[in-house]
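In what follows, residues are counted from 1 in the order of the sequence shown. Everything numeric here is computed off the predicted structure, so don't read it as measured data.
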Amino acid sequence: MYQWKKFEFFEEKAPSAVLPEEVSGTITCCTSGRGSVSVGCDDGSVSVLDRGLRFSHGFRAHAGPVLFLQQLKQRNYLVTVGEDEATPPQSPVVCLKVFDLDKTEAESSSETSPVCVQIMRIFTNQFPEAKITSFLVLEEAPPILLVAIGLDNGCIYCIKGDFARERINRFKLEVENVSEKGQLAITGLGFRVEGQALQLFAVTPASVSLFSLHDQPPKRQTLDQIGCETNGVTMSDRLDLIVGRPEAVYFYEVDGRGPCWAFEGEKKFLSWFRSYLLCVITDQRSGKDTFNVYDLKNRLIAHSMTVGDVMQMLCEWGSIFLIMRNKRVLCIGEKDMESKLDLLFKKNLYTVAINLVQSQQADAAATAEVLRKYGDHLYGKQDYDEAMAQYIHTIGHLEPSYVIQKFLDAQRIYNLTNYLEKLHERGLASKDHTTLLLNCYTKLKDVEKLNQFIRGEDGIGEHKFDVETAIKVCRAAGYHEHAMYVAKKFGRHEWYLKILLEDLGSYQEALQYISSLDPSQAGMTVNQYGKILVEHRPFETTEILLGLCTAGQDSSKKRTSNDTYLSILPSPVDFADIFIHNPQAHLNFLEKYVARVKDSPAQVEIHNTLLDLYLSDNFDFTSMSQDNGNAEGANVSSAESKGKSSVESSNKDKERDRLERFNKGLRLLKSAWPSDTEHPLYDDDHAVVLCARNAFNDGLLFLYEKKKLYKEVIGCYKNAHDHDGLIACCKQLGDSSKGGDPSLWKDVLNYFGDLGEDCSKEVKEVLTYIERDDLLPPIVVLQILSRNPCLTLSVVKDYIARKLEEESKLIEDDRKAIEKYQEDTSIMRKEIQDLRTNARIFQLSKCTACTFTLDLPAVHFMCMHSFHQRCLGDNEKECPECAPEYRSVLETKRRLEQSVRDPSQFFQQVRNSKDGFSVIADYFGKGTVSKTRDVHPELLHDSGSFGGGGA
């Protein structure tokens with residue numbers, strides 16, 4: 001392996017540290033996992049270290065030396081094997097203990113130790129005692145554990161089950177007999193779990209065996225006739241057994257020996273870290289230990305360093321820890337990928353870098369970055385072909401412009417063409433890439449590749465390049481035939497028509513081509529190029545559109561599945577843009593369509609457009625002789641010029657046309673809003689805006705009345721100062737019995753109050769309806785009319801007199817109610833005084849609750865109810881019969897007091913009431929605002945808005 005290159009992909013993270021003083025004994029074993037390191041010593045103690053190798057806590061696990069440790073991964077359990085004292089005193093007993101590190105139990109000393117879940121003797125009469133040489137624990141489905149204990153006599157004691165509940169099963173495995181007793185020791189164990197198959201590797205100095213534990217009884221298979229010494233066994237990430245011997249490192253699978261790696265030297269420790277093999281090798285000549293990290297996939301030594309006498313090697317927190325005999329600890333960590341790549345780039349080892357990122361399953365972007373740097377290196381050496389080969393591998397991750405800029409030189413156009421072809425093959429080419437590739441074909445005069453790219457029948461160009469860009473490039477280069485071929489092949493009808501109309505001027509051929517398309521495609525092409533067609537062939541274009549939208553039939557006569565039939569046809573709304581410069585043609589087209597189709601799905605949009613055209617103030621009504629011009633020959637120009645001169649010379653004709661359009665618009669408004677429908681067949685809000693903007697009052701009044709916008713209707717009469725019409729309108733629209741809005745009378749009264757002229761007659765009539773429906777309080781009426789200086793008190797004299805008479809009646813009714821309340825209050829006060837001063841005689845003979853004869857002990861309440869004491873609850877101080885009523889009164893009072901503290905609710909009631917003062921008086925009458933200190937500040941602040949005076 002001396003041919004393998006050495007790199008420093010690992011580094012010592014910090015200067016070597018020393019284990020804490022609390023680890024006082026001689027270290028016998030170590031384990032790691034779940035964010036901690038546990039160290040066992042010969043004095044029976046176990047020390048748990050944290051991430052910084054600081055002492056976290058410790059406990060005495062055994063009375064004698066701790067032989068083996070293993071930290072479980074799924075649960076925070078620590079499994080130990082050590083010697084304990086026997087009773088009566090005799091040779092030490094080897095015990096297995098399971099500690100739960102998440103739970104502690106208090107001891108007599110100041111220290112605490114974890115809870116010991118299970119203690120058991122390893123050796124029994126059925127399992128004779130021998131020296132333990134290896135130990136391994138497998139976590140199956142929790143809480144099942146499988147413990148394998150290797151002995152020096154070639155036996156393996158297995159203990160399986162739930163240790164916490166003592167539901168365990170013991171069994172024994174034996175390796176093949178060996179003549180020499182020293183060759184029987186189990187020096188290494190390894191579990192392999194694959195699906196339902198559970199297998200156990202066992203290594204002795206003279207053999208490698210495999211036990212199939214899922215078979216009953218377990219079957220043994222000998223994989224090799226040579227093994228290894230202690231600590232020379234580990235498992236790879238692929239669950240292969242790794243055995244280290246002085247001459248090499250061997251891999252074993254379930255069917256026998258696999259690959260081997262000739263790493264010379266005595267393998268003192270073996271371990272697997274990520275994808276690396278860790279070896280501590282002792283040099284037989286110098287006696288020094290060397291720590292090597294091997295990258296087997298890339299066949300390189302990732303790290304190598306001379307170390308002291310290593311006692312233990314373990315991995316945790318993404319680092320490797322070497323514990324020396326003098327208790328010093330080396331922490332070695334892997335460098336990040338960027339640092340490793342920089343090291344390789346400095347040595348121009350790009351192939352190694354590529355293999356490294358691929359073997360460590362780096363993301364595609366990182367691999368592409370390495371390939372880019374390799375390509376840049378080759379490009380700098382002017383090896384353009386190889387550089388382009390690397391750049392091609394970066395397609396999909398590296399920005400194509402980075403590569404394209406390097407090969408824009410004419411001498412490297414072949415490489416550029418190759419790169420652009422690969423971009424198109426992978427479907428990653430943009431429009432610019434297609435343009436550049438076609439230009440490359442043009443400069444290279446490579447007509448064969450150009451034809452293959454454009455006309456290839458094997459579909460090489462299909463979905464591999466931007467079709468639109470190819471058409472543009474061919475069209476710009478004058479290859480109209482190629483451009484039309486691509487457009488027709490890929491169904492780009494708009495480009496096919498664009499070439500016919502703009503480049504070749506074949507308008508009639510374009511119309512014929514459109515007629516040959518299916519309706520959906522024809523509709524899209526006409527919508528895109530209809531402006532040119534309307535300009536040069538207006539009559540033929542309009543007829544094509546009518547045919548598309550109606551399929552050449554009168555759909556009003558087609559009643560079978562009419563909605564479905566119309567829904568699959570193009571809509572006239574889709575073609576509105578093509579008539580932007582010819583509104584007359586647009587109007588005629590829509591009128592013809594409406595005449596043919598009575599129930600179009602787009603009739604709302606069509607009616608909106610027709611209203612726009614009818615009510616437009618700047619509509620230019622040119623003669624439609626232009627539409628017929630192509631059919632009538634030379635008379636077209638003459639008729640058109642006469643129509644234009646007529647429109648420009650006569651304002652009367654314009655006004656007549658305007659009135660005619662307004663009449664058509666009014667007929668459309670009425671016909672599209674039948675009396676039996678709630679919503680019209682047009683946008684009523686849009687129609688209101690159109691009528692208002694174009695001063696179309698007839699349409700505006702119609703829409704307001706249909707939309708029940710009665711205030712807007714009377715607004716029109718206000719603007720016209722038509723008082724008689726205003727009042728007549730209110731009589732019609734303000735009658736609530738007929739669904740009208742009585743609040744219109746309020747608006748009319750406000751109007752007359754702000755009028756500034758004498759309108760006594762109208763005001764009296766308005767007051768009649770306000771008084772009839774009780775719409776406003778008298779004070780509000782006076783406030784409104786006081787704003788008009790031309791009105792006298794005689795206008796409201798009769799109204800005020802009638803209101804005062806009504807108020808007098810109400811006052812008299814309130815006075816009588818007050819007297820009644822005062823009388824009731826006086827009676828209640830007398831009853832209260834009697835309760836306070838006079839004795840009460842209880843004469844009930846039966847319990848109010850159970851109706852049985854009343855006997856002692858009994859409880860009497862002042863409300864004259866009596867109960868057995870046993871019929872009452874504990875500490876009952878209220879009468880069960882009267883308490884609900886009393887609590888109801890208290891709850892009502894509480895709600896009233898709470899409501900007064902909510903100003904929003906109070907003001908809402910005031911605003912919604914016809915008489916706000918009555919609401920305020922009701923609050924005072926209920927005593928909820930009787931104390932000024934309890935009133936919400938906002939009520940005090942705004943009380944002037946309703947009171948009309950001081951408190």
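One finds the SG atom of Cys759 at 8.0 Å from the CG atom of Leu785 (value rounded to the nearest 0.5 Å). Between Cys730 atom SG and Asp747 atom CG the span is 8.0 Å, to the nearest 0.5 Å. Atom-to-atom distance recorded for Trp317:CH2 and Ser32:OG is 7.5 Å, nearest 0.5 angstrom. We find the CD-NZ distance between Glu678 and Lys706 to be 10.5 Å, quoted to the nearest 0.5 Å. Note that the CD atom of Glu712 and the CG atom of Leu701 stand 11.5 Å from one another [nearest 0.5 Å]. Rounding to the nearest 0.5 angstrom, the gap separating the CG atom in Leu744 from the CG atom in Leu749 is 12.5 Å.
Side-chain atoms of Asn76 and Phe99, non-hydrogen and from C-beta on, never get closer than 4.5 Å to each other. Residues Val39 and Val46 have side chains not in contact (no heavy-atom distance under 4.5 Å, counting atoms from C-beta outward). When side chains are defined from C-beta on, Phe163 does not count as touching Pro143, because their heavy atoms never get closer than 4.5 Å. Phe59 places a side-chain heavy atom less than 4.5 Å from the side chain of Leu78. Contact check for Leu854 versus Ser845: no side-chain heavy atoms found under the 4.5 Å cut-off. Leu611 has its side chain out of reach of Asp683: every pair of non-hydrogen atoms, C-beta onward, lies at least 4.5 Å apart. Between Trp673 and Leu703 there is a side-chain heavy-atom pair separated by less than 4.5 Å. The closest side-chain heavy-atom distance from Phe861 to Cys882 is not below 4.5 Å.
Comment: Asp855 engages Arg870 in a salt bridge, judged by a side-chain N to carboxylate O separation of less than 4.0 angstrom. Taking the charged nitrogens against the carboxylate oxygens, Glu771 and Lys803 have no contact shorter than 4.0 Å, which rules out a salt bridge. Salt bridge absent: Glu139 and Lys73 never bring a charged side-chain N and a carboxylate O closer than 4.0 Å. Here Arg167 does not pair with Asp162 in a salt bridge; the nearest charged N to carboxylate O distance is not below 4.0 Å. For Asp824 and Lys820, the salt-bridge test passes: some basic side-chain N is under 4.0 Å from an acidic carboxylate O. Note on Arg894 versus Glu891: salt bridge recorded, some NZ/NE/NH1/NH2 to OD/OE distance being below 4.0 Å. Salt bridge absent: Arg51 and Glu316 never bring a charged side-chain N and a carboxylate O closer than 4.0 Å.
Around atom CD of Gln869, no more than 12 heavy atoms belonging to other residues, nucleotides or ligands sit under 6.0 Å away. Few gaps surround NZ on Lys718; more than 12 heavy atoms of other groups in view lie less than 6.0 Å from it. Heavy atoms from other residues, nucleotides or ligands lying under 6.0 Å from CD of Gln74 number more than 12. Other residues, nucleotides and ligands place more than 12 heavy atoms under 6.0 Å from the CD atom of Glu757. Within a 6.0 Å sphere centred on CZ of Arg829, other residues, nucleotides and ligands contribute 12 heavy atoms or fewer.
Side-chain polar atoms of Asp84 and His62 form a donor-acceptor pair below 3.5 angstrom. A donor-acceptor pair shorter than 3.5 Å cannot be found between the side chains of Thr848 and His865.
Note: His868 and Phe852 fail the aromatic proximity criterion, with ring centroids not under 6.0 Å apart.
The nearest pair of heavy atoms linking Val688 to Tyr704 is CG1-CE2, 4.0 Å. The shortest heavy-atom contact between His860 and Ala858 is NE2-CB, 4.1 Å. Between Gly725 and Asp722, the shortest heavy-atom distance links the atoms N-OD1, 3.1 Å. For the residue pair Trp745 and Ile727, the shortest heavy atom distance occurs at CH2-O, 4.1 Å. Minimum interatomic distance between Lys731 and Glu765 (heavy atoms only, all atoms of both residues): NZ-OE2, 2.7 Å. Smallest separation of non-hydrogen atoms from Pro742 and Leu775: O-CD1, 3.3 Å.
Panel note: side chain Thr677, backbone Pro674; a donor-acceptor pair is recorded below 3.5 Å. Panel note: side chain Glu878, backbone Ala883; no donor-acceptor pair is recorded below 3.5 Å. A donor-acceptor pair under 3.5 Å is absent between the side-chain atoms of Tyr77 and the main chain of Leu101, judged by distance alone. Side chain of Asp758 to main chain of Ser760: a donor-acceptor pair is present (N/O by atom type, distance under 3.5 Å, no hydrogens or angles). The closest donor-acceptor contact from the side chain of Arg75 to the backbone of Pro142 lies at 3.5 Å or more, if one exists at all. For Asp50 (side chain) and Ser56 (main-chain N/O), no donor-acceptor pair under 3.5 Å exists by modelled atom type. Side-chain atoms of Ser808 come within 3.5 Å of backbone N or O of Leu804 as a donor-acceptor pair. The closest donor-acceptor contact from the side chain of Asp834 to the backbone of Lys830 lies at 3.5 Å or more, if one exists at all. The backbone N or O of Ala61 lies less than 3.5 Å from a partner atom in the side chain of Lys97, making a donor-acceptor pair.
Of the residues listed (Arg815, Gln822, Lys816), the one engaging Glu819 in a side chain to side chain donor-acceptor pair (under 3.5 Å) is Arg815, and it is the only one.
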Walk me through it: do His723 and Phe752 pass the test ring-ring contact (aromatic ring centres under 6.0 Å, His included)?
CA-CA 9 Å; His723 297 172; Phe752 287 127; 5.3 Å; yes

List the steps and the verdict of salt bridge (charged side-chain N to carboxylate O under 4.0 Å, His left out) for Asp798 and Lys764.
CA-CA 9 Å; Asp798 297 337; Lys764 288 181 179 180; over 6 Å; no

Quick one: do Leu72 and Arg34 satisfy side chain to side chain contact (heavy atoms under 4.5 Å, CB included)? Show the steps, please.
CA-CA 8 Å; Leu72 303 187; Arg34 296 182 69 91; over 6 Å; no

Would Ile159 and Asn169 count as a side chain to side chain contact (heavy atoms under 4.5 Å, CB included) if you check the C-alpha gap in whole Å, the side-chain angles of each, and the deciding distance to 0.1 Å?
CA-CA 6 Å; Ile159 308 173; Asn169 177 35; over 6 Å; no

Could you check Ser866 against Val859 for side chain to side chain contact (heavy atoms under 4.5 Å, CB included), going step by step and ending with a plain yes or no?
CA-CA 6 Å; Ser866 300; Val859 178; over 6 Å; no

For a side chain to side chain contact (heavy atoms under 4.5 Å, CB included) check, start with the C-alpha distance between Cys691 and Leu669, then their side-chain angles and the critical distance, and finish with the verdict.
CA-CA 11 Å; Cys691 293; Leu669 289 174; 4.2 Å; yes

